[in-house]
Amino acid sequence: MKSKKEYYRKRLQDLADSGRFIPGIYNYCDRWCERCAKTAKCLLYAQEQEMKDGADPESNDMNNEKFWEQIRLSFEVVFDMLQEDAERLGIDLNCPVEKVTENEHVETSVEKIAREYGFQMHDWLKNNHENFSEKAELLLLVKDELAVNFSGAVEVLQWYSFFIAAKVHRAHFDLTDMNDGDDEYDHLGSAKIALIGVERSLSALSALYPALPLQEDKILGFLTKLASIKKELCHIFPRVEEFKRPGFDD
């Protein structure tokens, strides 16, 4: 009988060799799998579902030992595969690597704005959680669609609050080394998904604005910050709209 590790590795190899998935589709997505229509084409999603082991609910609970056992198993399998590929290519993973001096990253103005926006949005949603829940219930009495749109807008703001800052930072990391090759491609990809998060957050705030008259000033402040992030990203990465995310913008 195969061990659990052997079984998992075989399943991963079968998935990777199946031809069902779009290469790299997960590299520039927003990681919101529950709302993604492309999960059937995503190898990373398929691998994560394989790891969840639906027959055992405890393996999906991060407070349970079985959850972390699954994580450990995943790392072991990946490391074994890396070692085998390294040996095949004649690479010694135990060989000391020459130390490379990296330049200290200096936070740009747009990174700062995105970081501030993330923390401020997080605090705003947390502090108004009960108020927003009550508002959604009141809207439900008027029209189901209004309540759904309101709750959906809040979820969007929550999801992208820190996501935008993370992707803006990634887009700027080692930006001084950017050239017209693969490095530029990766920077543009990160900037593109950051912009998508900004656009969706702008739409969500616009949807909340008429429903929260007492929060108008706060919402306008968030809209201003998002508009600044969008303007700066488009200035720094003028070709960002040309970037085609695999599986999404083809």
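- Ring geometry for Y28 versus F243: interplanar angle over 60°, hence perpendicular rather than tilted (30 to 60°).
- Atom CG of D217 has 12 or fewer heavy atoms from other residues, nucleotides or ligands within 6.0 Å.
- For K230 and E241, the salt-bridge test fails: no basic side-chain N is under 4.0 Å from an acidic carboxylate O.
- Residues V156 and F162 do not share a hydrophobic cluster, clusters being chains of Ile/Leu/Val/Met/Phe/Trp/Tyr side chains in contact below 4.5 Å.
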Apply side chain to side chain contact (heavy atoms under 4.5 Å, CB included) to residues H187 and R170 and explain how you reach the verdict.
CA-CA 7 Å; H187 285 290; R170 180 174 172 78; over 6 Å; no
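- Side chains of R200 and D30 form a contact here, defined as non-hydrogen atoms less than 4.5 Å apart.
- Remark: side-chain polar atoms of S151 are not paired, donor with acceptor, to backbone N or O of V148 under 3.5 angstrom.
- Proximity of K112 to T108: side-chain heavy atoms (C-beta onward) are nowhere separated by under 4.5 Å.
- Here the side chains of Q49 and L44 are not in contact, with every heavy-atom distance at 4.5 Å or above.
- Ion pairing between R9 and E6 fails under the 4.0 Å rule for side-chain N and carboxylate O.
- Residues E216 and P213 come closest through the heavy atom pair CG-O, 3.2 Å.
- A136 and A147 get closest at one heavy-atom pair: O-CB, 3.5 Å.
- By the 30° and 60° cut-offs, the orientation of the rings of F150 relative to F132 is perpendicular.
- For K41 (side chain) and I25 (main-chain N/O), no donor-acceptor pair under 3.5 Å exists by modelled atom type.
- If you run ring pair (Phe, Tyr, Trp, His ring centres under 6.0 Å) between W32 and each of W159, Y26, F163, only W159 comes through.
- There is no path of hydrophobic side-chain contacts, each under 4.5 Å, that joins I22 to Y45.
- Annotation for F21 and C42: closest pair CD2-C, 3.4 Å, computed over non-hydrogen atoms.
- To the nearest 0.5 Å, the span separating CG on L125 from CG on L157 amounts to 6.0 Å.
- The distance from the NZ atom of K126 to the CD atom of Q158 is 10.5 Å, given to the nearest 0.5 Å.
- When the side chains of ILVMFWY residues are joined at heavy-atom separations under 4.5 Å, either directly or via intervening members, F222 and L220 end up in a single hydrophobic cluster.
- Enclosure of atom CD in E84 by more than 12 non-hydrogen atoms of other residues, nucleotides or ligands within 6.0 angstrom is indicated.
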In sequence, state the C-alpha distance, the side-chain angles, and the governing distance for K192 and K244, and then conclude on side chain to side chain contact (heavy atoms under 4.5 Å, CB included).
CA-CA 9 Å; K192 178 71 173 283; K244 303 297 183 183; 5.6 Å; no
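- With rounding to the nearest 0.5 angstrom, the NE2 atom of H122 is 8.5 Å from the CG atom of N127.
- Within the 4.5 Å cutoff, the side chain of C36 has heavy atoms near those of the F248 side chain.
- Distance check: Y117 OH to I229 CD1 gives 7.5 Å after rounding to the nearest 0.5 Å.
- Put simply, the side chain of K135 gets close to the backbone of A211: a donor and an acceptor are under 3.5 Å apart.
- Residues H172 and L233 meet the side-chain proximity criterion, which asks for heavy atoms closer than 4.5 Å.
- Taking every heavy atom of both residues into account, K167 and A194 meet most closely at CB-CB, 3.7 Å.
- Judged purely by distance below 3.5 Å, without hydrogens or angles, the side chains of Q215 and N128 pair a donor atom with an acceptor atom.
- Looking only at side-chain heavy atoms (C-beta outward), R20 and L15 come within less than 4.5 Å of each other.
- Between Y209 and L205 there is no side-chain heavy-atom pair separated by less than 4.5 Å.
- The CG atom of D186 lies 4.5 Å from the OG atom of S190; values are rounded to the nearest 0.5 Å.
- Side-chain heavy atoms closer than 4.5 Å link hydrophobic residues (I, L, V, M, F, W, Y) into clusters, and following such links, possibly through other members, connects W124 to I113.
- To the nearest 0.5 Å, atoms CD1 (I193) and CZ (R245) are separated by 4.5 Å.
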Side chain to side chain contact (heavy atoms under 4.5 Å, CB included) between S18 and L43: does it pass, once the steps are laid out?
CA-CA 10 Å; S18 67; L43 176 60; over 6 Å; no
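- Taking every heavy atom of both residues into account, L223 and S206 meet most closely at CD2-OG, 4.4 Å.
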Side chain to side chain contact (heavy atoms under 4.5 Å, CB included) between R115 and E107: does it pass, once the steps are laid out?
CA-CA 10 Å; R115 176 171 51 79; E107 187 179 49; 2.8 Å; yes
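- Counting heavy atoms from C-beta outward, I164 and S201 have side chains that approach closer than 4.5 Å.
- Checked by atom type, the side-chain pair H169/E111 shows a donor-acceptor distance below 3.5 Å.
- Nearest heavy atoms, P23 versus P246: O-CB, 3.6 Å.
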